[in-house]
Undergrad: 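Take a look at this one; I'll ask things after.
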Amino acid sequence: MLAPLLAVLAVAVGFPLVYAIYLSVTDYRLTDQGAPNFVGAQNFIDAFANGAFWNSFLTTGTYVVVSVGLELLIGLAIALSLQKQKWFRDATRAFLLAPMFITPIAVGLTFRFLLNDQIGAIPAILDTFGISYNFFGPGKALFTLALIDVWQWTPFMVLLLLAGLESIPKPPLEAAKVDGASAWYRFRRIVLPMLSPILVVAILLRALDALRVFEYVFATTRGGPGTETQTLQYFMYQTGIQFFRLASASAMAFIVLLVVLGLVVLTFRRIERSKA
Amino acid sequence: MSLARSRPRRLVAAAAVVSATTLLTACAGSGGTTAAEDTSDASGEVSSDTEGTVRILMEEVPDTDIVQDLLPQFNEAYPDITIDIESLTFDQMRDKLVASFQSSEPAYDLIVVDNPWMVDFANAGFLAPLDSRIESTPDYEPDDFFDPLVDITTVDDTRYGVPFYNYALGYIYREDLYEEAGLGEPTTLDELVSNVQALKDGDRAGIAMQPQRGYKIFEEWANWLFAAGGSIYDQDGNVTLDTPEAARALEAYIEAYETAAPPNSLNWAFDEAQRSVASDGAASMVGYNWNLPTLNDPTGPAGDLAGSFKLAPMPGGKQVLGSWSWAIPANSDSPDAAWAFVSWITSKDVEVERVKAGGASIRESALEDESVLAEGFGEDYYAAVEQILSDAAPLTNGASGEEMIQAVGTELNEAVAGSKSVADALAAAQEAAERIQE
């Protein structure tokens with residue numbers, strides 16, 4: 001039974017990966033014709049020595065931590081509220097999930113103009129309070145992009161956490177309540193521990209997705225100011241597609257892949273240990 | 001989008017693989033092309049009974065629509081040639097174009113090439129040389145093309161393209177506001193800065209700028225560089241971005257941004273700038289010459305302001321030139337039919353029709369044609385366009401043009417953002433451009 005699945009995986013995932021490994025050890029450019037030259041580990045050495053690449057790593061890491069951290073906090077608060085909701089539950093949940101169903105490039109373009117100082121609604125509202133804020137200015141643009149991510153993907157966090165909350169068995173909570181435990185105590189000592197497997201999966205899924213941020217950058221800042229919002233995907237897109245240096249981009253993508261896989265393996269090990 | 005970001009997936013492992021291999025998957029091209037037929041001495045005279053299908057890859061822009069509208073006329077001249085145009089957005093088109101070069105089977109018989117790609121594509125052997133066709137086409141008059149546009153199509157003294165349309169820049173301003181302020185068209189960089197500062201009035205900015213990182217800021221700032229007497233390359237082709245003229249241009253650019261541009265517009269590109277001038281948010285902008293008819297169109301984005309906009313060459317007379325060119329891929333299946341179409345659509349007579357329909361001009365004669373002047377968008381406009389196209393230069397002349405433009409545009413944006421000094425930004429821009437185009 002396993003053989004057909006492995007065969008599909010080999011073709012769908014294995015072939016592109018193997019071909020990309022091959023490209024990453026060549027000097028291949030999209031504008032080259034014929035067979036590229038073998039350059040060994042040179043592209044990997046260049047990537048490790050490339051400050052802009054590591055800078056984009058740091059930028060992406062900051063983006064992931066800020067966006068997923070906020071999504072977790074806000075998502076958990078909303079999920080706890082929704083759990084207690086009595087009326088219009090389905091309608092509220094459907095409405096809350098709406099941002100998830102918009103394509104990210106459309107979200108990016110919408111916020112580009114929503115935050116425009118001359119025609120945007122948000123600067124206009126701030127202006128009535130005498131506040132002028134440069135959403136895409138130095139030191140602020142990356143956090144603006146993270147907030148766009150929060151707007152679009154907090155509903156996903158809510159969805160997962162709500163499912164987790166509703167699957168928690170009631171007896172321990174009721175027993176604690178009878179024993180006089182406060183709401184905060186019940187949340188901290190019963191709800192959170194029982195929710196932790198779901199929390200880990202939710203954070204992991206969101207972090208992996210946020211790691212691939214591209215559309216918001218493309219639609220709003222193109223990596224600026226300077227290189228402040230130059231994320232990994234945008235950097236590799238420019239290197240491989242815009243500048244035609246596919247071999248370099250392949251090597252960078254492999255380094256990212258290894259780092260991500262390492263983090264995923266560590267996370268799963270942690271989950272397994274906590275179960276034991 | 002070439003790198004679409006998909007929604008979260010259930011399988012963590014799959015998500016991990018997909019996250020880092022979106023690009024890798026795109027890397028898996030087939031590679032290799034068949035040996036191209038030698039067309040270096042091909043004739044430009046194509047018989048009207050030539051048969052074939054010409055598959056063309058183009059960008060989704062108004063100039064492509066104008067070409068589409070002219071196809072019935074082409075088929076009156078060449079009834080047995082079928083023109084099959086596929087138009088895509090810029091990024092999709094570029095990705096598909098490069099992939100088609102790698103294909104063992106020819107995918108397109110005619111393409112349009114943006115000027116930063118010309119050297120790379122020609123050096124890679126993707127494009128067929130066109131000198132013999134251009135010289136042997138009856139009544140073609142190639143000397144009528146604006147020289148700066150022809151220069152873009154020429155790599156190592158060989159022409160690999162024919163101009164399709166220009167996107168040269170110019171200074172677009174509100175004539176009524178200039179008159180109210182008692183100002184004349186700026187003729188120097190200092191006048192440009194002082195004018196836009198004088199035009200700032202309450203919420204209306206003096207100039208809507210486009211300092212977005214990368215292409216946009218370099219495209220805009222280079223006009224200021226030319227106005228300051230500087231250049232991107234010297235006569236020997238060496239990069240000249242770290243010069244006193246460049247420093248003066250960047251200081252003037254930053255001064256205008258800080259004192260006369262809309263607040264918080266550091267990420268603005270063309271769309272925002274045009275919306276700003278069209279909605280009375282700014283008195284002027286540096287824009288493409290063919291934006292003027294759009295702004296002056298009563299049914300266009302400017303509404304009641306239509307008719308109050310005017311186009312002028314940049315102070316000092318020289319401006320940045322962008323250009324799309326027709327080119328025949330070396331692996332084209334129908335090079336003769338493709339040339340029949342190119343030579344027809346760029347001929348003097350058809351050029352007049354194209355320009356009257358709103359197409360961006362490539363020939364001097366079209367801008368002096370009586371029917372264009374009478375039926376088009378006004379004599380003043382065409383006179384300004386002729387001046388603009390007569391003295392214009394592209395952002396890049398060498399290989400890896402896109403990369404060089406992005407690198408320089410990043411440094412300029414750093415300077416405007418205040419995270420680098422003018423001197424440091426220009427030194428870094430010079431170093432990056434030299435390294436990329438060495």
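Keep in mind that this is a model prediction, so the values were computed, not measured. Proteins get letters first, then strands, A, B, ... in listed order; numbering begins at 1 in each.
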Undergrad: For the side chain of S284(B) and the backbone of G206(B), is there at least one donor-acceptor N/O pair under 3.5 Å apart?
TA: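 Checked: pair present.
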Undergrad: With only heavy atoms counted, which part of I119(A) is less than 4.5 Å from chain B, the side chain, the backbone, both or neither?
TA: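 I119(A) touches chain B through side-chain heavy atoms alone.
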Undergrad: With chain A as the partner, which of P263(B), P116(B), G214(B), G409(B) has the greatest number of non-hydrogen pairs under 4.5 Å?
TA: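 Greatest number of close heavy-atom pairs with chain A: P263(B).
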Undergrad: Which region of S419(B), side chain (C-beta onward) or backbone (N, CA, C, O), has a non-hydrogen atom less than 4.5 Å from a non-hydrogen atom of chain A, or is it both or neither?
TA: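 For S419(B), neither part sits under 4.5 Å from chain A.
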Undergrad: With only heavy atoms counted, which part of Q212(B) is less than 4.5 Å from chain A, the side chain, the backbone, both or neither?
TA: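 Only the side chain of Q212(B) comes within 4.5 Å of chain A.
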Undergrad: Hey, which of R29(A), Q230(A), R222(A) has the most heavy atom pairs under 4.5 Å with chain B?
TA: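 Most heavy-atom pairs under 4.5 Å with chain B: R222(A).
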Undergrad: Centre of F135(A)'s six-membered ring, under 6.0 Å away, within 45 degrees of the axis: is that where NZ or CZ of K140(A) sits?
TA: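 Judged by the rule, K140(A) and F135(A) form no cation-pi pair.
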Undergrad: Between chain A and each of N123(B), L266(B), I217(B), count heavy-atom pairs under 4.5 Å; write down the option with the most.
TA: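 The candidate making the most pairs under 4.5 Å is L266(B).
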Undergrad: Can you confirm whether F136(A) sits close enough to P225(A) that some side-chain heavy atom of one is under 4.5 Å from a side-chain heavy atom of the other?
TA: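 Heavy-atom side-chain distance check fails, nothing below 4.5 Å.
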Undergrad: Side chain, backbone, both or neither: which part of F244(A) has a non-hydrogen atom closer than 4.5 Å to chain B?
TA: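 Only the side chain of F244(A) comes within 4.5 Å of chain B.
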Undergrad: When you look at D114(B) and R94(B), which way does the salt bridge (Lys or Arg N to Asp or Glu O under 4.0 Å) test go after all the steps?
TA: CA-CA 9 Å; D114(B) 198 6; R94(B) 183 206 42 223; over 6 Å; no
Undergrad: If you count heavy atoms of other groups shown closer than 6.0 angstrom to CG of D424(B), is the number above 12?
TA: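 It does: D424(B) CG has more than 12 such atoms within range.
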Undergrad: For each of E403(B), K420(B), M404(B), tally heavy-atom pairs with chain A at distances under 4.5 Å, and name the one with the top tally.
TA: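 Maximum pair count with chain A is reached by E403(B).
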Undergrad: Which bit of Y215(B) is near chain A, if near means a heavy-atom gap under 4.5 Å: side chain, backbone, both or neither?
TA: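 Contact with chain A involves no heavy atom of Y215(B) at all.
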Undergrad: Sequence neighbours left out, what passes ring-ring contact (aromatic ring centres under 6.0 Å, His included) with Y257(B)? Give chain and number order.
TA: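 Not a single residue meets the ring-ring contact (aromatic ring centres under 6.0 Å, His included) criterion with Y257(B).
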Undergrad: Quick check against the 3.5 Å criterion: does E220(B) have a side-chain atom that pairs as donor or acceptor with the backbone of Q210(B)?
TA: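 Present.
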Undergrad: Specify which of R245(A), E228(A), M252(A) makes the most heavy-atom pairs with chain B at under 4.5 Å.
TA: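 Of the options given, most contacts go to R245(A).
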